[in-house]
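Reminder, nothing fancy here: chain letters follow the sequence lines and each chain counts from 1.
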2 protein chains.
Amino acid sequence: MKGYKKSNDYSYTLGVFPTIELLKTRPQDVQRVIVHSSVEKNKGYPLIQKLCLKNHIYIDISDKTIHKLSPKGNCFAIGVFKKNLSSLKKGHHIALVNPMDMGNMGTIMRTMLGFGYYNLVIIKPAVDVFDPKVIRASMGAIFHLNIEYYDDFECYYQKYKHHEFYPLMLKGASNIHNVFTENLHTLVFGNESSGLPDEYLNYGKSVFIPHSEEIDSLNLSMAVGLTLFHFSKNQFQNKRILREE
Amino acid sequence: MKGYKKSNDYSYTLGVFPTIELLKTRPQDVQRVIVHSSVEKNKGYPLIQKLCLKNHIYIDISDKTIHKLSPKGNCFAIGVFKKNLSSLKKGHHIALVNPMDMGNMGTIMRTMLGFGYYNLVIIKPAVDVFDPKVIRASMGAIFHLNIEYYDDFECYYQKYKHHEFYPLMLKGASNIHNVFTENLHTLVFGNESSGLPDEYLNYGKSVFIPHSEEIDSLNLSMAVGLTLFHFSKNQFQNKRILREE
């Protein structure tokens, strides 16, 4: 077992929590599970054992491998899985153009899952979604999403022209507080430092998130989160407490 | 010059951008500025020179000190400043109970500035806001905020009882989509992993942010961002584009 490489056809979940998410949602992709000799103390381990038994997945105890793949320590379980992306399904899309930050990518995935957005489109060049740092930041949300990479935005657009398109841009034409839809839509966001180029003003209805002049722009994952919160509000308006402890 | 310690009465801005923010907003606190010998290439440097000249601040060229304080490289300017907190001023408050993550803290500061919230209350134990990691994540927003630490939430509450209080909790009584105020208020958020304890249900009107059951909770900085976006919407509803390039 070696450290992660983009060219590998497998990747890792580092930690008990993302490994459980992997086993629950993508058991068919799991090659094996590696645990630390002191994993017994972790209260998530019985569930890992149960899921591995059910799916005939081998559990390997190896402190050396754990240390090699997660040198920082504090990792008790690792799932080794085949990198398979699920194709886009019916529903709204989030399109990220040239996203480069792994932490942002993970946070965006978790937030998408939180607001019921399951389809993620990524325009290359872009971060590798299977990097263990993305998976960790997503807290396993990645396994619930349908993800497709495109080389070119125009190709994606031609295929999904029947969607309403909302590019989020500092120069956007409409204030987000005055824009709303429940029709099938794609929300488009640019790169962390440069945003979307001006040509995106021509796709659908461009939108800006108003903020004070004291900051240059919002953080990308924050901009995505605010937009999903806004566009999904009718769905959540009448929800009561979702989870009783 | 040694690495940052919480017990020091001074701290550092690492990088040209936060150093400019420091010089613009808190020149009286700056002890000196240290630059790398190749800083001349950086387009922000003339502004640093101008601000230092105006405020009689000494610029020291020392690659060794830069490397010592920011070993990762890619840092061309460091501001050394006295740690002074500005007291709370008139306006709404954000209260964070036991925040522990430096990146989250910085992102929250930047988002507060973006939505016009200038007063930050922190209940101890908590992260040190002057840690250079927080300052960097805030992109200098920290210098625009008024910040007070309290040992105990009740002490803070007694002093600001005239505010409306909204603790954000998974068990909150009201859906945020159905709550709104423009009266003087305090928005209260708990720790990254544990949230607010049940006793906070007794302070003011508790609120929850509805999300799908597929995630346990939103990231803290995301929860704060969504809440500020929601509570400040009347202020921003009619804004047009804020910044023309």
Can you measure from [atom1] ([X]) to [atom2] ([Y]) and round to the nearest 0.5 angstrom?
X: Met112(A); Y: Glu214(B); atom1: CE; atom2: CD; answer: 11.5 Å
X: Phe115(A); Y: His211(B); atom1: CZ; atom2: NE2; answer: 7.5 Å
X: Ile108(B); Y: Asn219(A); atom1: CD1; atom2: CG; answer: 11.5 Å

Self-check item: Heavy-atom side-chain contact between Ser217(A) and Arg110(B) under 4.5 Å
Solution: yes
Answer yes or no: does atom [atom1] of [X] have more than 12 heavy-atom neighbours from other residues, nucleotides or ligands under 6.0 Å?
X: Asn74(B); atom1: CG; answer: no
X: Lys24(B); atom1: NZ; answer: no
X: Lys89(B); atom1: NZ; answer: yes
X: Lys233(B); atom1: NZ; answer: yes
X: Lys205(B); atom1: NZ; answer: no

Quiz item: Is it the backbone or the side chain of Ser232(B) that comes under 4.5 Å from a heavy atom of chain A, or both, or neither?
Solution: neither
Quiz prompt | Segment of Tyr117(A) engaging chain B (4.5 angstrom heavy-atom cut-off) | solution = neither
Quiz item: When heavy-atom pairs shorter than 4.5 Å are enumerated against chain B, which of Gln237(A), Met139(A), Gln235(A) gives the highest number?
Solution: Gln237(A)
Heavy-atom closest pair, residues [X] and [Y]:
X: Ile215(B); Y: Gly114(A); value: CD1-CA, 3.5 Å
X: Leu226(B); Y: Gly225(A); value: CD2-O, 3.5 Å
X: Thr107(A); Y: Met222(B); value: CG2-CE, 4.0 Å

Quiz item: With under 30° as parallel and over 60° as perpendicular, where do the rings of His177(B) and Phe229(A) fit, or are they tilted in between?
Solution: parallel
